[in-house]
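Some notes on the structure that comes next.
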Amino acid sequence: RENIETIFNCVIEDMILMNMELPAFSTLSQVVEKSRVRANNYFYKKIYSYMSTQQKMLIDQNLLINCKSYNQQSRWNEVKSDPPAVSINNLKSYTKHVQWLQSLSAKTDILDNIPAERIKQFYAEGMSLDLSKINRLPTNKRYSLIIVVLQRATELAVDNLITMVI
């Protein structure tokens with residue numbers, strides 16, 4: 001029961017089974033949206049609390065650099081980047097990239113108790129955000145989306161590296 005359409009259908013189905021009068025669509029929409037937000041906030045807090053202080057510091061140092069610091073640039077776009085064309089030099093640099101991603105997402109079991117549909121949703125949301133939007137998010141949500149993107153990016157990068165070698 002992860003996406004809004006499914007939640008709507010389940011609520012309507014349950015109300016019909018209980019012979020309840022259906023509310024106006026706008027009322028139902030508000031209830032469903034509030035429920036989804038509460039559920040997401042629960043998962044954000046759960047992911048954030050499971051992260052180590054060291055992991056948060058690594059993310060801060062590599063991805064959430066203060067915009068006022070012009071001498072250092074965030075590597076957020078590197079996390080979301082596509083693999084390079086296959087060549088010896090690219091293979092070496094991409095191997096370093098994979099190792100860097102693995103160092104940032106060290107705790108691999110952090111998402112084990114989060115539903116797969118929710119992870120897909122968080123990944124899509126995280127991938128759609130640029131650094132300025134990420135920095136404006138509440139702390140729990142910001143780190144949760146980053147962790148989901150990092151873990152998925154690491155999985156994809158390892159797969160891409162294997163494909164490059166083959």
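Since the structure is predicted, the reported quantities are computational estimates derived from the model, not experimental observations. What you see below is based on every heavy atom in this structure, not just the backbone, and it leaves out hydrogens, waters and symmetry mates.
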Can you see which heavy atom on [X] is nearest to which on [Y], and at what distance?
X	Y	answer
Ala153	Leu101	O-CD1, 3.9 Å
Arg142	Ile134	CD-O, 3.2 Å
Leu104	Asn62	CD2-ND2, 3.7 Å
Ser93	Asn90	OG-O, 3.1 Å
Tyr94	Pro84	CD1-CD, 3.4 Å

Restricting to salt bridge (charged side-chain N to carboxylate O under 4.0 Å, His left out), what partner residues turn up for Lys45, sequence neighbours left out?
none
Would the distance check show the side chain of [X] and the main-chain N or O of [Y] forming a donor-acceptor pair, the cut-off being under 3.5 Å?
X	Y	result
Lys80	Leu129	yes
Thr154	Leu150	yes
Asn160	Pro83	no
Ser81	Glu78	yes

Check the angle between the aromatic planes of Phe8 and Phe25 and answer parallel, tilted or perpendicular using the 30° and 60° thresholds.
parallel
Going by an N to O cut-off under 4.0 Å, is there a salt bridge joining Lys120 and Glu125?
no
Approximate separation, where rounding is to 0.5 Å, of [X] [atom1] and [Y] [atom2]:
X	Y	atom1	atom2	result
Leu91	Leu161	CG	CG	6.0 Å
Gln54	Ser103	CD	OG	9.5 Å
Lys34	Ser29	NZ	OG	11.0 Å

Is the count of non-hydrogen atoms from other residues, nucleotides or ligands lying under 6.0 Å from Leu17 atom CG greater than 12?
yes
Taking side-chain hydrogen bond (donor to acceptor under 3.5 Å, both in side chains) as the test, write out the residues that go with Asn9, two or more places apart.
none
State which residues pass side-chain hydrogen bond (donor to acceptor under 3.5 Å, both in side chains) with Glu155; sequence neighbours excluded, sorted by chain then number.
Arg152
Under 6.0 Å from the six-membered ring centre of Phe43 and within 45° of its axis: does the NZ or CZ of Lys141 meet both?
no
Pair Asn89-Ser87, side-chain donor/acceptor within less than 3.5 Å:
no
Under 3.5 Å, is there a donor-acceptor pair between the Asp109 and Tyr50 side chains?
yes
After noting the C-alpha distance and the side-chain angles of Thr163 and Val86, does the key distance pass the side chain to side chain contact (heavy atoms under 4.5 Å, CB included) rule?
CA-CA 9 Å; Thr163 303; Val86 179; over 6 Å; no
Within-4.5 Å side-chain heavy-atom neighbours: [X] and [Y]:
X	Y	value
Asn41	Arg38	no
Val79	Ile146	no
Phe122	Asn40	yes
Glu33	Arg36	yes
Ile59	Ile147	yes
Leu63	Leu58	no
Tyr123	Leu145	no
Val158	Gln102	yes

Is [Y] reachable from [X] through a run of hydrophobic residues whose side-chain heavy atoms are each under 4.5 Å from the next?
X	Y	answer
Val32	Met18	yes
Leu28	Ile16	yes
Met20	Val11	yes
Tyr42	Val31	no
Met164	Ile162	yes

Residues Tyr143, Tyr44; criterion ring-ring contact (aromatic ring centres under 6.0 Å, His included); working and verdict
CA-CA 8 Å; Tyr143 283 96; Tyr44 296 147; over 10 Å; no
Could you walk me through whether Thr53 and Lys56 satisfy the side chain to side chain contact (heavy atoms under 4.5 Å, CB included) test, starting with their C-alpha distance in whole Å, then the side-chain angles of each, then the deciding distance to 0.1 Å, before giving a yes or no?
CA-CA 5 Å; Thr53 306; Lys56 292 172 192 169; 5.5 Å; no
Start with the C-alpha gap between Gln55 and Ile110, add the side-chain angles, then the distance that decides, and say whether side chain to side chain contact (heavy atoms under 4.5 Å, CB included) holds.
CA-CA 11 Å; Gln55 194 169 28; Ile110 212 166; 3.9 Å; yes
